[in-house]
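One structure is given below, encoded as structure tokens.
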Amino acid sequence: MTNHKIAQILRNVASAYTIKNQTKFRFQIIAYQRAADAIENSTAEIKDLTKEGKLETLPGVGPSIKSHLEELIKTGGVKHFNWVFKDIPKSFFFLLEIPGFGPKTAYKLVKEFNLKNPDTVISDLKKIAEQGKIAALEGFGDKSQAEIVTAIKDYESGKGKTSRMTLPYAYELAQKLVDYLKKSKDAIEVYPLGSLRRMVSTIGDIDIAVSTKNPKEIIKHFVSYPYKERILEQGEATASILLSSGRQVDLMTQTPESFGSLLQHFTGSKNHNVHLREFALKKNFSLSEHGIKRKAKGGWKTEEIATEEKFYNILGLKWIPPEIREDTGEIEASHRNKLPTLIELNDVKGDLHIHSNFPIEPSHDLGNNSMEEMIKKAVELRYDYIGFSEHNPSVSKHTDDQIRSILERRKEKIEQIKSSNKNIRVINLLEVDILSNGNLSISDNVLDSFDGILVSIHSAFNTNKQTMTKRILSGLSHPKAKILAHPTGRLLGNRFGYELDFEKIFDFCKTKNKALEINCWPTRLDLPDIIVREAVKNGVKMFINTDSHAAWQMDLMRYGVAVARRGWAEKKDILNTLSYDDLFRWFSK
DNA sequence: GCCGTTTTCGGCCCGACTGTTTTCAGTCG
């Protein structure tokens with residue numbers, strides 16, 4: 001059962017409570033919604049957290065929801081939920097999937113028109129709306145009836161259900177909108193915020209904030225964006241549009257004097273903001289995107305906040321980096337002045353997962369650029385060192401002697417490159433497959449000439465946790481094996497990673513001087529941020545590598561750094577922040 | 001149902017927008 005599915009079930013519980021008795025269950029409704037948010041946003045699978053007994057680490061999951069989740073994972077159902085869902089037609093929950101339908105609207109329509117069939121409820125309702133039968137109901141009218149038809153049509157055509165974007169894609173999309181908005185003379189500052197600013201590994205929709213003294217003009221300009229499909233909302237200070245691609249873009253405006261409050265509000269996460277506002281309330285402050293209200297004699301007094309730093313400082317907090325605003329302890333850490341000094345892109349001194357086009361005749365893909373071209377790019381990035389780590393030569397197509405001969409030629413090439421490039425150090429590495437039996441795909445004796453090797457899984461993913469963990473530890477135990485590349489094997493939007501016993505892997509890395517990779521490839525971003533955080537807590541060292549197959553891809557480093565930051569990693573946790581000499585010493589250990 | 005500068009009891013974020021309404025309910029983020 002996926003996190004998305006589990007979150008949906010919890011939201012259904014909240015919706016069912018709303019129908020049963022909104023007043024009586026008011027706080028249960030909030031609690032279930034909050035837990036659903038946390039589960040939807042969690043990069044760890046609930047299934048795994050349940051097995052590991054770590055469900056309580058999710059904000060909003062307490063003893064009661066925890067035991068319900070355990071029951072759900074174990075048996076596929078929950079007795080208590082069945083009681084909450086009793087007497088509510090299944091079709092009700094199907095209607096909730098349509099944007100704009102909340103529990104009140106959905107239930108009223110299901111009851112009024114006796115829509116009991118979950119398979120046809122949506123098309124049935126569309127017909128009823130098209131026949132003009134809804135406008136007559138109390139609380140509805142012509143406009144809401146037309147909106148129902150539009151929403152269902154959007155839903156049926158798959159709009160809004162498009163899968164989440166990779167970070168670079170979302171960045172490009174946001175940049176186009178930022179450039180467009182900046183064309184308005186009334187735009188003072190324009191920033192993409194929301195999950196994009198927090199650098200979440202996948203992005204749902206685009207949020208943009210504009211600082212302006214003339215919000216009306218900005219809104220007018222925004223809703224005239226040439227690539228919009230239609231306007232979803234348009235008010236005095238905010239607006240939303242749907243792009244032809246099915247992506248939603250939300251815009252918020254604020255005056256320059258209060259822009260700090262908007263930056264804070266619109267960056268989120270939602271759970272971070274809720275927690276921050278509860279924290280503030282106890283200090284007699286009330287927070288919003290407009291500023292900070294202070295309890296004073298004769299009511300509340302609002303103060304405008306121009307910068308985000310000031311916003312946090314007034315609450316007695318240090319500014320919190322956007323990447324860790326997920327309500328996982330950052331507010332408490334800030335309050336105790338115990339925030340981590342997160343690693344920065346500038347701390348990175350080299351990239352050790354680089355595939356050049358050297359004709360190594362590999363089992364997997366070869367790079368597109370020469371070693372010289374990759375080095376040129378590394379120099380541009382002001383790196384101190386670069387590590388070449390092509391895949392090992394294909395084993396099925398070569399004899400041992402042929403492999404040895406290819407690798408010798410490659411070593412000569414690297415030696416030649418070393419002597420002609422004095423301004424950057426070159427490290428001789430190789431990416432080697434770990435076979436399903438735990439052996440490395442090429443034999444021991446040819447590995448001696450390398451400074452180190454990266455090991456990784458590229459086949460036989462479908463195996464259980466114990467077997468895969470054993471397989472990986474077996475591969476990593478080779479004395480030259482120093483880095484486990486893209487450790488979970490996940491491909492975002494495509495396949496889940498294989499399950500691993502990370503406690504064992506962490507132990508092994510620490511005692512045997514091995515490291516885990518944070519792979520920057522946009523659909524990998526592997527290790528996932530939540531596991532990075534566990535690694536940091538356990539004192540396990542990591543590399544951030546781009547896995548570049550072309551020179552331009554070395555720019556993807558910032559996405560891996562973002563993953564590290566989201567995992568609360570500091571410079572000391574990441575080995576490719578070391579000087580060349582220190583790094584080489586680590587490789588020799 | 002969750003959770004903690006003080007609180008293991010007694011609180012629980014805040015506001016924009018829309019549509020159907022003469023003052024508000026529902027939804028969303």
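Quantities reported herein were computed from a predicted structural model and do not represent experimental measurements. Because only heavy atoms are used, hydrogens play no part in the values below, and waters and symmetry mates are left out as well, while side chains stay in. Order of the sequence lines fixes the chain letters, A, B, ..., with proteins taken first and strands second; residue numbering starts at 1 for each chain.
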Exercise for the section: Grab the CD-P distance between A/Q254 and B/dG15 for me, whole Å please. Expected result: 12 Å
Practice task
Verify the contact: side-chain N or O of A/T105 to OP1 or OP2 of B/dT27, cut-off strictly under 4.0 Å; return yes or no.
Solution key: yes
Fill in the blank from the handout: The nucleotide from B/dT27, B/dG29, B/dC14 with an atom nearest the side chain of A/P103 is B/dT27
Practice task
Rounded to the nearest angstrom, tell me the gap between atom CD in A/E147 and atom C1' in B/dC17.
Solution key: 12 Å
Practice task
Would you indicate, yes or no, if B/dG15 has its OP1 or OP2 atom less than 4.0 angstrom from a side-chain nitrogen or oxygen of A/K293?
Solution key: yes
Practice task
Quick one: label A/L281 by what it contacts on the DNA or RNA (base, sugar-phosphate, nothing), any heavy atom closer than 4.0 Å.
Solution key: sugar-phosphate
Handout entry: Between B/dA16 (C1') and A/L232 (CG): distance, integer Å
Key = 14 Å
Problem - Spacing of A/D207 atom CG relative to B/dG15 atom P, expressed in whole Å - result: 19 Å
Exercise for the section: Salt-bridge test for A/K270 and A/E326: reply yes if a basic N is under 4.0 Å from a carboxylate O, no otherwise. Expected result: no
Exercise for the section: Indicate, with a heavy-atom threshold strictly under 4.0 Å, whether A/F140 touches base, sugar-phosphate, or nothing. Expected result: sugar-phosphate
Exercise for the section: Say whether A/N538 and A/E503, considering side chains only, have a donor N or O and an acceptor N or O under 3.5 Å apart. Expected result: no
Problem - P atoms of B/dT7 and B/dG19, separation to the nearest Å - result: 48 Å
Handout entry: Salt-bridge present (A/E40, A/R11; N to O < 4.0 Å)
Key = yes
Exercise for the section: With sequence neighbours excluded, give me every side chain to side chain donor-acceptor pair (under 3.5 Å) pair touching residues 203-215 of chain A. Expected result: none
Completion exercise
The nucleotide from B/dT7, B/dG1, B/dC17 with an atom nearest the side chain of A/E236 is B/dC17
Fill in the blank from the handout: To the nearest angstrom, the CG-C1' distance between A/L251 and B/dC17 comes to 14 Å
Exercise for the section: Salt-bridge test for A/K465 and A/E45: reply yes if a basic N is under 4.0 Å from a carboxylate O, no otherwise. Expected result: no
Exercise for the section: Inspect the contact between A/E570 and A/K537 and indicate whether a charged nitrogen and a carboxylate oxygen are less than 4.0 angstrom apart. Expected result: no
Problem - Proximity to the side chain of A/S286 - top-ranked nucleotide from B/dC14, B/dG1, B/dA16 - result: B/dC14
Fill in the blank from the handout: Testing B/dC13, B/dG1, B/dC14 for proximity to the side chain of A/S64, the answer is B/dG1
Fill in the blank from the handout: From the candidates B/dT7, B/dG1, B/dC13, the one with an atom nearest any side-chain atom of A/H68 is B/dG1
Practice task
Using a heavy-atom cut-off of under 4.0 Å over every strand shown, decide if A/H335 touches base, sugar-phosphate, or nothing.
Solution key: base
Handout entry: Pairwise 5' ranking along DNA chain B for A/N273 and A/D142, keeping only the more 5' one
Key = A/N273
Practice task
Tell me whether the OP1 or OP2 atom of B/dC13 has a side-chain N or O from A/H265 closer than 4.0 Å.
Solution key: no
Handout entry: Nucleotide nearest A/E289 (side chain, heavy atoms from C-beta), chosen from B/dC12, B/dT6, B/dA16
Key = B/dA16
Problem - Interatomic distance at C1', B/dC3 relative to B/dT8, whole Å - result: 9 Å
Exercise for the section: Remember a base hit wins even if backbone is also touched, and classify A/Y32 as base, sugar-phosphate or nothing at under 4.0 Å, heavy atoms. Expected result: sugar-phosphate
Exercise for the section: For A/I231 and B/dT18, give me the distance from atom CD1 to atom C1', rounded to whole Å. Expected result: 14 Å
Practice task
Take the protein atom CD of A/Q33 and the nucleotide atom P of B/dC28, then report the distance between them rounded to whole Å.
Solution key: 10 Å
Problem - Stacked cation flag A/R558 on A/Y171, 6.0 angstrom / 45 deg - result: yes
Handout entry: Stacking of A/F27 on B/dC12 base (centres under 5.5 Å, planes under 30°)
Key = yes
Practice task
Determine the interatomic distance between C1' on B/dT6 and the same-named atom on B/dG11; round to the nearest Å.
Solution key: 13 Å
Practice task
Provide the distance between the two P atoms, one in B/dA16 and one in B/dT21, to the nearest whole Å.
Solution key: 24 Å
Exercise for the section: Kindly indicate whether the side chain of A/Y180, heavy atoms from C-beta on, has any atom under 4.5 Å from the side chain of A/S224. Expected result: yes
Exercise for the section: Check whether any side-chain N or O of A/K270 sits under 4.0 Å from OP1 or OP2 of B/dG29, and answer yes or no. Expected result: no
Handout entry: Whole angstrom value for the distance that separates C1' of B/dC3 from CD1 of A/I65
Key = 12 Å
Completion exercise
Assert: residue with more 5' nearest nucleotide on DNA chain B, out of A/G60 and A/A237, is A/G60
Fill in the blank from the handout: Testing B/dA16, B/dG1, B/dC13 for proximity to the side chain of A/A31, the answer is B/dG1
Practice task
Just call it for A/I30: base, sugar-phosphate, or nothing, with non-hydrogen atoms closer than 4.0 Å on any strand.
Solution key: nothing
Exercise for the section: Have a look at A/L287 and say if it touches a base, only the backbone sugar-phosphate, or nothing, with a 4.0 Å heavy-atom cut-off. Expected result: sugar-phosphate
Practice task
Go ahead and name the base partner of B/dT8; Watson-Crick or wobble counts if both distances stay under 3.5 Å, otherwise write none.
Solution key: none
Handout entry: P gap between B/dT20 and B/dA25, integer Å
Key = 16 Å
Handout entry: Gap in Å between the two C1' atoms, one belonging to B/dT18 and one to B/dT23, rounded
Key = 15 Å
Practice task
For the side chain of A/Q234, starting at C-beta, report the closest nucleotide among B/dT20, B/dT18, B/dG1.
Solution key: B/dT18
Fill in the blank from the handout: Which of B/dC17, B/dC13, B/dG1 is nearest the side chain of A/E233? It is B/dC17
Practice task
Choose from B/dT20, B/dC17, B/dG1 the nucleotide whose nearest atom is closest to any side-chain atom of A/S144.
Solution key: B/dT20
